[in-house]
Amino acid sequence: MTPATEVTPLEPVRAWGKVPEELSARVPVEQRGPGLDRDAVRLLGSRGTEVSHHAFVELPRLLRAGDLLVVNTSPTLAAAVDGRIGHARVVVHFSTRGDDGQWAVELRDPDGRGTTRARAGGPAGTEVLLPAGVRLVLEEPVGAGSERLWWARDRGARVPVPGLLREHGRPIRYSYTERDQPLSVYQTVFALPSRDGSGSAEMPSAARPFTARLVAELVSRGVQFAPITLHTGVASAEAHEPPYPERFSVPEASARLINAVRAGAGRVVAVGTTAVRAVESATGPDGAVRARAGWTDLVVTPERGVRAVDGLLTGLHEPQASHLLMLEAVAGRAAIERSYEEALRGRYLWHEFGDVHLILPPQPHTEHCASNCW
């Protein structure tokens, strides 16, 4: 059975107000100048209310031997497909594959500039004509209280939806970006193809700055990696909604590794909010992580807290994004407000092609270090 959830508006931290438009990263960093690679973004570091500024390539010096990075292996799908409802043009964003052949989709209106704008969903029975003979029929809203996302089923298709996306899809793009990009731009170094064609509607972007060279350096310094998978759906920031149920998997080997690091002196640092959601969904009240796969509707809030994650590497989020509640759960409201004030002051860039934020636990007063106190 495909899961459903009730949508409840969330109120994350809003202290810094609206992010200026000029701080949106409009193109990938490697397209901003000759010789740049993905790891040429900036990194804002925070430990409690202490903030520091770095280049992302300095990450190996900010972590320690014995630390563990939890990374999401979900591949990004070419999830946007042009279609028609009658004579009207629409764009379908394929968000999440259900258990019974349904897909959660969002209908968008083309804006004439190569991107899209929000559109009212439904009603049930609406038929969307797509390439390759696919007739997508809307069946019911994904969540009670919101009709933005709908469960839909393809009728009379000559190719299944994964094949449709490969042949006719393109990456989801929003209006703050400058132009369309190939799908390869949206794949992280950790992405692995899934056997059933599932993946993320939008890139697990916190991992985008990693390169093979940087991963090798981290490994050489004793930093470990634990793969998990969470297929993320379309962004919900526009509607100020919590995340919808998403499919995830925490393998046995990764669960064991996380528990071993937590039992020692290392820190478990999730790469992206998706990694936090997956790991915390597999963590019991006793703090032990166990192998688990299925659907999660977990929303990590300051009231719930985190049980297995010590730190987080993430992008910069809009003031209304529900992900900010998760950041507060990891670091506390004062730390997040201080970090975002510094991000604005330092002209850091937002969104999937932007800069990143490393959140680590406050430095214990009893801990001493010779060269770096991170």
Side-chain angles (χ1 to χ4, degrees), residues 1-10 74 76-85 88-111 115-130 134-155 161-162 164-165 169-175 197-205 230-248 273-274 277 281 294-299 317-318 320-323 325 352:
M1 180 177 177
T2 299
T5 187
E6 182 175 353
V7 176
T8 304
L10 298 177
S74 177
T76 306
L77 301 175
V81 181
D82 292 323
R84 289 186 177 274
I85 300 176
R89 293 175 57 225
V90 296
V91 178
V92 180
H93 287 178
F94 285 82
S95 180
T96 303
R97 183 175 186 162
D99 288 334
D100 56 0
Q102 289 179 310
W103 280 79
V105 301
E106 180 186 23
L107 301 187
R108 308 274 295 186
D109 285 324
D111 62 5
T115 53
T116 60
R117 56 178 174 265
R119 170 193 176 98
T126 296
E127 184 175 278
V128 186
L129 299 180
L130 298 173
V134 174
R135 293 186 296 114
L136 197 68
V137 179
L138 304 188
E139 296 188 336
E140 61 180 344
V142 169
S146 173
E147 295 194 350
R148 186 176 66 91
L149 289 176
W150 282 72
W151 288 114
R153 195 180 301 274
D154 59 298
R155 307 287 187 184
V161 169
L164 172 74
L165 301 185
R170 61 185 180 277
I172 289 175
R173 177 190 159 208
Y174 292 112
S175 58
S198 296
S200 289
E202 298 181 13
M203 171 178 54
S205 55
L230 186 140
H231 298 313
T232 183
V234 295
S236 58
E238 290 176 312
H240 315 299
E241 299 164 357
Y244 286 87
E246 293 167 324
R247 193 190 302 274
F248 81 104
T273 57
T274 60
R277 198 175 188 211
S281 296
W295 292 86
T296 178
D297 59 1
L298 177 66
V299 179
H317 302 281
E318 294 282 359
Q320 299 85 4
S322 61
H323 291 314
L325 293 170
E352 66 266 30

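- Taking all atoms of both residues into account, the shortest heavy-atom contact from Pro110 to Val90 is CD-CA, 4.0 Å.
- The minimum heavy-atom distance between Pro162 and Arg97, with the atom names listed, is CG-NH1, 3.5 Å.
- In this structure, the side chains of Arg135 and Leu129 come closer than 4.5 Å at one or more pairs of heavy atoms.
- Nearest heavy-atom pair across Glu147 and Pro141 is CG-CG, 4.1 Å.
- Contact between Ala80 and Val91 at its shortest, heavy atoms only, is CB-CG1, 4.2 Å.
- In this structure, Val105 and Ala152 approach most closely via the heavy-atom pair CG2-CB, 4.0 Å.
- Annotation: side chain to side chain contact (heavy atoms under 4.5 Å, CB included) contacts of Ala201 (sequence neighbours excluded): Ala79, Ile172, Val234.
- Listed for the Arg277 side chain is a donor-acceptor partner under 3.5 Å among the backbone atoms of Leu298.
- Residues passing the side chain to side chain donor-acceptor pair (under 3.5 Å) test with Thr76, sequence neighbours excluded: none.
- For the pair Thr126 (side chain) and Leu138 (backbone), a donor-acceptor distance under 3.5 Å is absent.
- Not counting sequence neighbours, the partners of Ser205 by the side chain to side chain contact (heavy atoms under 4.5 Å, CB included) test are Met203, Glu352.
- Residues meeting the ring-ring contact (aromatic ring centres under 6.0 Å, His included) test with Phe94, sequence neighbours left out: Trp103.
- Qualifying side chain to side chain donor-acceptor pair (under 3.5 Å) partners for Arg119, counting only residues two or more places apart in sequence or in other chains: Asp109.
- With sequence neighbours excluded, the residues that form a side chain to side chain contact (heavy atoms under 4.5 Å, CB included) with Arg153 are Asp100, Gln102, Glu139, Arg155.
- Closest heavy-atom contact between Asp154 and Gly101: OD1-O, 4.2 Å.
- Taking the side chain to side chain contact (heavy atoms under 4.5 Å, CB included) definition, one finds that Ser175 meets it with Thr115, sequence neighbours left out.
- Between Val134 and Val81, every side-chain heavy-atom pair lies at or beyond the 4.5 Å cut-off.
- Listed by chain and number, the residues in a side chain to side chain donor-acceptor pair (under 3.5 Å) with Thr232 are Glu246 (sequence neighbours excluded).
- Among residues two or more places apart in sequence or in another chain, the side chain to side chain donor-acceptor pair (under 3.5 Å) test is passed with Ser281 by Thr296.
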